[in-house]
Amino acid sequence: MLVSAEKVTKIFMGSKVLDNVDLQIEKGDRIAMMGPNGAGKTTLVRAMLGFYHIDSGKISVNGYDPVKHRVDVLSDISFIPQLPPPVKLSIEELLLYIERSSGVAREQVFKEAGRMDLDIEKHISKPFFKLSGGMKQKLLIAIALSKKSGLLIFDEPTANLDPKGREKFYELLTEIDTDCSTLFITHRLDEIEGLVNRKVYMDLGKVVEDEKI
Ligand SMILES: Nc1ncnc2c1ncn2[C@@H]1O[C@H](COP(=O)(O)OP(=O)(O)OP(=O)(O)O)[C@@H](O)[C@H]1O
Ligand SMILES: [Mg+2]
């Protein structure tokens, strides 16, 4: 079991954003997670990554508590957030940092980005936050795909991509190692239907449907 979330409740400002939710992710799962805005999808993923303390329940990732063992948990996960973080580092500094902390070679990142038509070297001295929305997304995707992780989590990764970028992105996804498990949060099932083997629907802080396909 890669991820086990049991009876997880998260309260934000008095309202139950996650309501006794259960979700297990096994090796080999390729999940499309769907559900209306505000359903709690991002909150559940962020809780799995140890970004939030939960109010009750239990989460373990590769056997670790994500809050107590954040580094161990994150070492085997590639995560692309819904909103790019406001990183002030230049691309150069960011890649150096990632190379040192996660062993991701910059050449690999250049290659993956190039396949989405993003020429990183052209922008290497720019601060990350000054890239366009789609460029940020492409760079984060390139980094995530370059890092070899057991679990890839994408929180609506194509929201900012132009149609061509989107097409290239899906092409890259077909090449992901089959050993790798994936969780995509998406509002467009049609785009990833061929890439997933399980559909999870969330609504009002609960998993309301979970089926293998
Ligand atoms: N840091 C926070 N502080 C207060 N409320 C929050 C916080 N993060 C999320 N929420 C609330 O939790 C609820 C669920 O938000 P979440 O981002 O998990 O939804 P989502 O399913 O990812 O939606 P979307 O499809 O719009 O991305 C929302 O009502 C949101 O306002
Ligand atoms: Mg979200």
Side-chain angles (χ1 to χ4, degrees), residues 2-25 29-61 65-68 70 73-74 77-87 128-129 131-141 143-145 149 151-163 165-166 169-170 173 181-193 195-196 198-211 213:
L2 281 175
V3 177
S4 159
E6 289 171 82
K7 298 191 184 312
V8 173
T9 296
K10 174 70 193 168
I11 297 169
F12 275 129
M13 304 197 291
S15 67
K16 268 190 194 168
V17 170
L18 297 177
D19 185 4
N20 231 356
V21 68
D22 286 300
L23 182 72
Q24 267 73 42
I25 303 178
D29 277 350
R30 292 175 168 242
I31 301 173
M33 180 182 272
M34 290 162 286
N37 296 135
K41 305 177 298 294
T42 296
T43 304
L44 179 57
V45 160
R46 295 182 76 88
M48 281 162 30
L49 297 168
F51 293 125
Y52 298 137
H53 284 269
I54 53 178
D55 291 277
S56 62
K58 186 173 184 287
I59 302 181
S60 79
V61 178
D65 177 320
V67 172
K68 288 191 192 127
R70 185 87 176 277
V73 163
L74 295 182
I77 296 181
S78 293
F79 170 59
I80 305 187
Q82 184 166 14
L83 296 171
V87 174
F128 176 80
F129 76 90
L131 294 177
S132 78
M135 283 158 64
K136 284 179 196 161
Q137 211 70 19
K138 284 179 179 174
L139 179 56
L140 293 176
I141 291 168
I143 293 167
L145 293 178
S149 306
L151 179 60
L152 272 159
I153 301 179
F154 297 91
D155 194 350
E156 298 187 42
T158 60
N160 286 312
L161 300 190
D162 56 39
R166 201 168 273 180
F169 169 64
Y170 290 113
L173 293 186
S181 307
T182 46
L183 171 61
F184 296 101
I185 299 178
T186 182
H187 292 292
R188 303 160 169 259
L189 180 63
D190 53 315
E191 287 189 341
I192 56 165
E193 213 148 21
L195 297 166
V196 298
R198 185 176 161 196
K199 288 191 287 189
V200 172
Y201 282 92
M202 282 189 74
D203 196 10
L204 303 171
K206 290 181 197 291
V207 169
V208 291
E209 224 182 297
D210 187 345
E211 58 169 331
I213 50 174

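Atoms within a ligand are numbered from 1 in the order they appear, just like the ligands themselves. FYI, the numbering just counts along the sequence from 1.
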L151 backbone acceptor or donor facing S149 side chain under 3.5 Å: no
Okay, side chain of K41, backbone of G35: is any donor-acceptor separation there less than 3.5 Å? yes
Counting backbone and side-chain atoms alike, is an N, O or S atom of N37 positioned under 2.8 Å from the Mg ion (ligand 2)? no
Indicate if the distance from the Mg ion (ligand 2) to the nearest N, O or S atom of T43 falls below 2.8 Å. no
Contact residues of ligand 1 with a heavy-atom cut-off of under 4.0 Å? F12, M13, V17, P36, N37, G38, A39, G40, K41, T42, T43, Q82, E156, H187
Tell me, please, which residues at least two apart from R166 pass side-chain hydrogen bond (donor to acceptor under 3.5 Å, both in side chains). none
Does NZ or CZ of K10 fall inside the cone over F12's six-membered ring, less than 6.0 Å from its centre and within 45° of the axis? yes
Given T158, which partner from the list Q137, E191, H187 fulfils the side-chain contact (heavy atoms from CB on, under 4.5 Å) test? E191
Going by the rule side chain to side chain contact (heavy atoms under 4.5 Å, CB included), which residues pair with R70 if we only count those two or more places apart in sequence or in a different chain? F51, L74
Who pairs with S132 by side chain to side chain contact (heavy atoms under 4.5 Å, CB included), at least two apart in sequence or on another chain? M135
